[in-house]
Number of protein chains: 2
Amino acid sequence: MLSQTEENYLKALFYLTSENADKSEAGTNELAATLNVKPATANDMLKKLKEKKLVNYERYGKISLTNSGKKQAIDIVRKHRLWETFLYEKLEFTWDEVHEVAEQLEHIHSPKLIEKLEKFLNYPEFDPHGDAIPNAKGELKVQARKTLSEMAVGKTCKLIAVKDNSASFLQYVMKVGLGLSSKIKVISRQDFDGTLEIEVNGKKSVVSQKFADNLFVV
Amino acid sequence: MLSQTEENYLKALFYLTSENADKSEAGTNELAATLNVKPATANDMLKKLKEKKLVNYERYGKISLTNSGKKQAIDIVRKHRLWETFLYEKLEFTWDEVHEVAEQLEHIHSPKLIEKLEKFLNYPEFDPHGDAIPNAKGELKVQARKTLSEMAVGKTCKLIAVKDNSASFLQYVMKVGLGLSSKIKVISRQDFDGTLEIEVNGKKSVVSQKFADNLFVV
DNA sequence: ATATTTTGTTAGGTTAATCTAACTTTATAT
DNA sequence: ATATAAAGTTAGATTAACCTAACAAAATAT
Ligand SMILES: [Mn+2]
Ligand SMILES: [Mn+2]
Ligand SMILES: [Mn+2]
Ligand SMILES: [Mn+2]
C-alpha cells in the first residue's frame, strides 16, 4: 500500500502531465515545487517510485506516470473530488473551503467507503469546482471547454469550472458575483494585456487575463 | 499539532485509564501491547509526550494523562465515534465494519468538519456500539450499566452497548441474534465457569462468561 | 530475605521523508 | 563554440517512529 507521501507525488505528477497542463512529461524541479519540497527530496522519491514501477524515469530524463501509476493517481483524484462533493453538498461547506479538507480525506484507505460515499452522493459527475469525478473504473467525462480569456468580445458564456482551487482565488471569483453556471458576457478586451470587462447578473467588473485564464466556460 | 502516532498513544492511554478499565494509571508494557509496538518504542514516546505535557510520567512510575492530554484524547474519541455513526447511519456500514475505517478518519484535522458532521448527524449521543459520543466541550453521557455476566438468573435486560469493538466479536453477537436494544433473558448460569444460557427473541443460546463480560445491559 | 519473574529502561540501529551543500549534466545565449 | 544559467543529482545529516539486545528496577514467591 502506498504512503500518503507517495500518493501526493503521484497526484502531483498526474496534474503536471494531464491534458490540462498541455504537456505529458514533468521535471524534477517542477515536481518538487508543486509539493513544496526541495529537488533533492523529489529526486529520492522518483527513484523509489520508479522501483515500484509507478513512474517512467531515467537519470536526467523527463518524468511520466506508468499505467499503474496513472491508475492509482486517478483513484486519489476520484476520492478527492467525491469528498469535496460530500463536504459541499451534505455538510454545507463553501467551495473555497472544501479543497483543504479533501487533501486529508483523499488518503483514507477503504474501497468500500468510497463506493458507499459515491452512492450516497448519487453518483455525481462533477465536483464543486466543475472538475469531472472519475468513476470506479477511472473513466471521467471530458467536456469541451475554453478559458474565459479565449472568448470573443460581445459573446455570452457559462462558467462550468475553475482551474485554480485556492481559497483566495475562489473568494475573488465569488466577489465578482460568479459561481458555477453563472452567465458571463464579455464586454471588452484590452489588447495590451488581455484585461477584460465582463458583466455578470447585470454587474460589470474588470478582471485580469490571469483571472480569466483560470475560468473554464462553454 | 499532534502526529497520528501521538494521537494513537493518547487514545490508548485514555482507554487504559478510563472508568471502563477500573484503574486510573497505566504501564509501559500494557500501553505497548495495546498499540502493537515494543515496550522500548512506547518508552521513547512517553518521554516525548511528557515533554509536551500530555502525560504524567516518571522513570519506573505509572502513567496517566494530564488534563491537556485527556482533553485531546477525548477529542479523538469524539471524532472516532462521530465517524462511526456517520458510516453506520448514512453509508449503510454494519456495526462490525465501522471501527476500522473510523481508526483512519479520526485523524483528520478540521474542527469545522467535525462541527458540521455532528450537526448533519443531528447531534447523536451514542455511537453504533452504544458508546457515548463526547460533545464539543468533551462532556459525555454516563449511563448506569452492568455487564450481562453480572445479571441474576431469571432476569430480563436490554443490551445497550458492547465493550469489544472487534469485527469477530460483533459478528458473533449478531449470530446469537443480538443487536443494540435487544432484550436478553438469563435462563441459567454455570457456577463452575460462568457459562450462561440466554434467550433472545425466543431463541436460546449458550454463551461463555467472556462473551457476557463484553455486553453492557440495563 | 533472597531468588525469580515481571516490568521498564537504555544503547545502538533501521527506514521513510526531509534537508543543505557541492557537484554534474543539459539547455540557452552570445 | 563556448560561457553561463538552469535543471537535476549525489553525499551526508536530521527527525520520527520503530526495532533488538542487554540491562536495571520493582514486584512476587518461596
Ligand atoms: Mn481540490
Ligand atoms: Mn475540486
Ligand atoms: Mn471504534
Ligand atoms: Mn464505537
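Worth knowing before you read on, the calculation uses all heavy atoms, side chains too, and leaves out hydrogens, waters and symmetry mates. To find a chain, count down the sequence lines: A is the first, B the second, and so on, and within it residues start at 1.
- Atom C1' of nucleotide D/dA16 and atom NZ of B/Lys52 are separated by 10 Å, given to the nearest angstrom.
- Across C/dA21, D/dA24, D/dG8, the shortest atom-to-atom separation from the side chain of B/Tyr60 is found for D/dA24.
- Side-chain nitrogen and oxygen atoms of B/Arg59 include at least one within less than 4.0 Å of the OP1 or OP2 phosphate oxygen of C/dT10.
- Phosphate proximity of C/dA21 to A/Lys38: absent, as no side-chain N or O sits under 4.0 Å from OP1 or OP2.
- Among the nucleotides D/dT10, D/dC19, C/dG8, the one closest to the side chain of A/Asn43 is D/dT10.
- Contact of the A/Leu65 side chain with the A/Asn56 side chain is not registered, since no non-hydrogen atoms from C-beta on lie closer than 4.5 Å.
- Between the side chains of A/His80 and A/Asp127, no donor-acceptor pair is found at a separation under 3.5 Å.
- A salt bridge links B/Lys11 to B/Glu106: one of the charged nitrogens lies within less than 4.0 Å of a carboxylate oxygen.
- For A/Asn29, counting side-chain heavy atoms from C-beta on, the closest listed nucleotide (C/dT9, D/dG8, D/dC18) is D/dG8.
- B/Glu25 places its CD atom 15 Å from the C1' atom of C/dG8, with the value rounded to the nearest Å.
- Of the charged side-chain nitrogens involved, none lies within less than 4.0 Å of a carboxylate oxygen, so that A/Glu118 and A/Arg81 do not count as a salt-bridged pair.
- When distances are taken from the side chain of B/Thr41 to each of C/dT20, C/dT9, D/dC18, the shortest belongs to D/dC18.
- Side-chain contact between B/Val77 and B/Tyr15: present, with at least one pair of heavy atoms (C-beta onward) separated by less than 4.5 Å.
- Put simply, OH on A/Tyr57 is 13 Å from P on C/dT25, counting in whole angstrom units.
- The interatomic distance linking B/Glu30 (CD) with C/dT6 (C1') rounds to 13 Å, in whole Å.
- Ring geometry for A/Phe86 against B/Phe86 counts as tilted: the plane angle lies between 30° and 60°, on a 0 to 90° scale.
- Rounded to an integer number of Å, the gap from CD of B/Glu51 to P of D/dT15 is 14 Å.
- Phosphate proximity of D/dT9 to A/Lys47: absent, as no side-chain N or O sits under 4.0 Å from OP1 or OP2.
- A salt bridge links B/Glu58 to B/Lys50: one of the charged nitrogens lies within less than 4.0 Å of a carboxylate oxygen.
- Mapping B/Ala40 and A/Tyr9 onto DNA chain C via the closest heavy atom, the residue that lands nearer the 5' end is B/Ala40.
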Show each protein N/O and nucleotides 13-16 of chain C N/O combination with a separation under 3.5 Å, one pair to a line.
none

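- In this structure, the NZ atom of B/Lys50 is 15 Å from the C1' atom of C/dG8, given to the nearest Å.
- Of all nucleotides listed (D/dT20, C/dG8, D/dG8), D/dG8 comes nearest to the side chain of A/Thr28.
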